[in-house]
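Before any comments, here is the structure.
Heads up: numbering here begins at 1 and tracks the sequence. Quick caveat, the model's predicted, so the values are computed rather than measured.
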Amino acid sequence: MAAAGRLRRRLLLEVPWRWRCSPRRGGAACPSAGQIRAAFLRFFEERHGHRRLPSAPVRPRGDPRLLFVNAGMNQFKPIFLGTAHPRSELAQHRRVVNSQKCVRAGGKHNDLEDVGRDTYHHTFFEMLGNWSFGDYFKEEACSMAWELLTEVYEIPRDRLYVTYFGGDPSLGLSADEECRDVWLRLGVPASHMLPFPLKDNFWEMGDTGPCGPCTEIHYDHVGGGRNAAALVNQGSPDVVEIWNLVFMQYSREVEGNLLPLPQHHVDTGMGLERLVTVLQNKRSNYDTDLFTPILDAIHKGCGAPRYQGLVGNADVGRVNMAYRVVADHVRTLCVCITDGIYPGFSGAELVLRRILRRAVRFCSEVLQAPPGLLASLVPTVVEVLGDAYPELTRNANQIQDIINENEAAFLSSLERGRRIIERTVQQMEPSTNFPAEVAWSLYGSLGFPLDLIDLMLEEKGISLDSAAFNELVLEDVKRKAAGSQAGEPGSTNTPLDVHSLARLQDSKVPATDDSPKYAYTLGQHGHYEFSPCQATVLMLYRDQCLQKEVGAGQRCGVILDRTNFYAQQGGQDSDQGYMIRLGQQDVLFPVESVHLCGGYVIHEVTAVETLRAGDQVQLFVDEGRRLACMTNHTATHLLNFALRRVLGDSTEQRGSHVTAERLRFDFDTKGHVTVEQLQQVEQVVQDLIQKNEVVHMAEVPLTLARRVQGLRAVDEGYPDPVRIVSLGVPVENVLTCDSKAAMQTSVELCCGTHLLQTGSVEDLAIISERQLVKGISRVIAVTGGRAKKAREVGQCLAMEVDSVSLRMKQRITSIPEMQNLSKEVGQLTKVVASTAMPQWQRKELQTILKALQRTANTAVKKLELQQAEKVAQILLAKYCNQPVIIDTIPADSLSILMKVVNQLCDKSPGTSVLLLSPQASGEVLCACQVSKSCLPGFSAADWAVAVCTQMEGKAGGSPIVAKGSGNAKGMQGALTTALEFAQSKL
């Protein structure tokens, strides 16, 4: 004990500061957040032998259910679930400590809308945690926590309150008195020990899986000798939880019951922001040095009044709320961008885009800050967090560039949206709702979040016509669903009718010049720049009729003299975007889809105002969607070449479809594509991506193009001149006489839009391959970030399969244990079949899982047979050579009960047997078999029906064997019925 005391004092002496957390001591010499974080990590690493791990990225690895890492335990889930590969580094962990970057925005844990309204919600926070994986448990965990808080951090003991699990009779769980007694032995007064029910002090990972009681440590900000026990868990800002210690000792099964875990784990989490607030003697997280440097930088950058910590009605003009929103959101942006999550259009990327736009709006509208304020805060965030997370320092310039790019785009949209709303409000009748068509154009074309539209309208004292807006949303969903069924997502496909087409031609209306769709370049930093396009409305098309004018709210086709929109053709989805009238920047006409008919490009538009022939418009393509389609179309050419290279020159394309999300490719094949061939195809594509080949494109006469040796083309009509797309070889070289360049690379006739260099594809993963009909296969592939995610998920599932496989090889003698393992294999099989992952890996895992399922089923049958044989021997000895055996026996399943019956009849052929087995659920299982010598007068099916009817149940079978079930209340009567029935037949 003396040695331990000296070690503790030495650890305390090594701390290069004096802790000042008591209100009586004032604010001088308070520890910094960095010191507090470092002390936590050092305490567990040096004093208690924990392995210190770096924070995992906030982009989840291999967990499609999570948008962001939102808790410290996320990276350790394979350990808790038992899926960590035994030979992996993860499986070697016993004691671990770290500070984990966490984001809670979107999904189940979503704090986004609360950020700024109070002084403690955040989208990004740091979770300090220590873990034990089958090592120490309650006594050591509580002792370490108490030592750290009271002896290292020197928090006054009388300000700490501890909660523990008070039990739950409905689950058969008693109070966690073991935990309570540990705390009492550590010196926590009984008056500061509080039991709470399941919802407060029992932690669960999900609907099923590891779970257990937890104990929470709460801090009273007021102190002064009072007893604040009544305020614990009551939502009081004066008494807050600072640390949660979870003791994982149970597993919740699918049926809802709890089983003890074979290994006990400890998972603790303490929010750094709250801890720093306590130790720096503050009442708000935003008053700590995690935020004050950022708040000071905001003040210097915008010139608004200094941050005062005001909330609610006291915060006039929401200036203080804006400070909190911007400070919080810029931290989140820095961390997410560093970890590879960029503002985008789906999933976590969409959430981050929303966070950025929310911060930008508070900067510009509330703080009246000049553009660039948000990005200017990045160096300050790096200064605050960079020591703990050095990756922030390495990526500071990239973070600033991405924030500036997105801010500039949104500010432009924000200004335009504000003008649209103001202009629309001025034209509205008093006491009317804001028109849904205008809101839809803001939402669909400018990417305005709905809550942002509502907020802007709320400021003007009006509301949106929600019913009409929801109808538009429903219409859009139905339209996309209908398009998907036709194989063309988002397409309503309304071509010109033959009469209208003839009228256009007779009227000498020129065909649409769509060459501007190819007007884009690859700028600095690898960004694509799309040239603007100005056009004239030539004609409108509605209800199969050409019109010169279309009214507000009507859907129509717009025919222009020229366009930069790509129309659905060549297997590539059409562009989307919007058009505006020249000189009228505040009226947006959203372009929902684009079609080509007879040389005329028809833009499907919902008119928000009257649209007329002769109107001058400017066109804006949805650049993110276009770039995604370009990426997937170029990847389709790479895939086509790779399939030919691996499967042979006879491989011919039979169809393709390119969308922003994925690509589909149909081709001739002589048989099923093997796992090895899929891997080879992906490798050929990867090699071409790595080479970053230039994509050459040029229009040439069709006759000249068809002479190219090795040219890839599908059986369809091509325009003349035709466009050639060649990877790595200039088109003029491909066209030279006797050139065999096209035999060594991808050269295709194609009207689609493509990347200018193959490196931008980044990655390609084939996530599906199947035969449509004999001789034709279809593959589906994803690129870029989607491909990377598919590979991560595949690796995660492969580790789970390896874990099950290793457990299957162990000698298991328990039927329930083997049945659970069999069930786990079945669940994994379903997940592997339905999850987006590399197809070659899916096939490998499915082969393994199929073999595992056979092994498990065989093992279960073998164990059941062994058990049945033992029971049968006992019954044979009991009823030696009697013509009828009727009895009750314990059996875990109807399968085992039936096997016992079969064994008895096999060993005693002249005996008829009926057995009942009462279950814990109140159900009674029934199985019977009649000796063949008793047929046809004695039927097993009739016997089982008579018995199970007595138990208010059902039964069925054949004259020889039958089975059923009933209610335990009638079991005694059923036994009597069974004997009487048998006696009447013998």
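No side-chain heavy atom of F362 sits less than 4.5 Å from a side-chain heavy atom of H329. Inter-residue side-chain proximity for L764 and L663 is flagged as met; some heavy-atom pair is nearer than 4.5 Å. Using a 4.5 Å heavy-atom cutoff, the side chains of D296 and Y307 are not in contact. W440 is not listed as a side-chain neighbour of V438, based on a closest heavy-atom distance of 4.5 Å or more. In this structure, the side chains of V658 and D573 stay at 4.5 Å or more apart for every pair of heavy atoms. Annotation: side chain of E661 is not in contact with side chain of V782 (no heavy-atom distance under 4.5 Å). Under the 4.5 Å side-chain criterion, counting only non-hydrogen atoms from C-beta, V326 is in contact with L367. Side-chain contact check for V587 versus I420: every heavy-atom pair is 4.5 Å or farther apart.
With salt bridges taken as basic N to acidic carboxylate O contacts below 4.0 Å, none links D763 and R786. A salt bridge links R423 with D586: the distance from a Lys NZ or Arg NE/NH1/NH2 to an Asp or Glu carboxylate oxygen falls below 4.0 Å. Ionic pairing of R626 and D575 is present here: one or more N-O contacts between side-chain nitrogen and carboxylate oxygen are shorter than 4.0 angstrom. Comment: R331 engages E273 in a salt bridge, judged by a side-chain N to carboxylate O separation of less than 4.0 angstrom. Ion pairing between a basic and an acidic side chain is recognised when a charged N comes within 4.0 Å of a carboxylate O; E391 and K101 show such pairing. Under a 4.0 Å N-O distance rule, the pair E365/R418 qualifies as a salt bridge. Salt bridge status for R37 with D387: absent, with no side-chain N to carboxylate O gap under 4.0 Å.
A donor-acceptor distance shorter than 3.5 angstrom exists from the side chain of D339 to the backbone of V58, with no hydrogens or angles considered. Side-chain atoms of N74 come within 3.5 Å of backbone N or O of A71 as a donor-acceptor pair. A donor-acceptor pair under 3.5 Å is formed between the side chain of S284 and the backbone N or O of Y286. Formation of a donor-acceptor pair under 3.5 Å by the S412 side chain with backbone atoms of A409 is not found in this model. Of the possible donor and acceptor atoms, none in the side chain of H221 sits under 3.5 Å from a partner among the backbone N and O of V239. Q576 contributes no side-chain N or O that, together with a main-chain N or O of V621, makes up a donor-acceptor pair within less than 3.5 Å. With E458 contributing its side chain and S463 its backbone, the two residues share no donor-acceptor pair below 3.5 Å. Using modelled atom types, no side-chain atom of R353 and backbone atom of P343 make a donor-acceptor pair closer than 3.5 Å. Looking at N320, its side chain does come within 3.5 Å of a backbone N or O of G309 through a donor-acceptor pair.
Taking the six-membered ring for Trp, W131 and F80 have ring centres at least 6.0 Å apart.
Of all heavy-atom pairs between L373 and C302, the closest is CD2-CB, 4.2 Å.
With sequence neighbours excluded, no residue forms a salt bridge (charged side-chain N to carboxylate O under 4.0 Å, His left out) with D118. Shown here are the salt bridge (charged side-chain N to carboxylate O under 4.0 Å, His left out) partners of D465, two or more places apart in sequence or in another chain: there are none.
Ring-plane geometry between H122 and F291 is classed as parallel, the angle between the planes falling under 30 degrees on a 0 to 90 degree scale with a further cut at 60.
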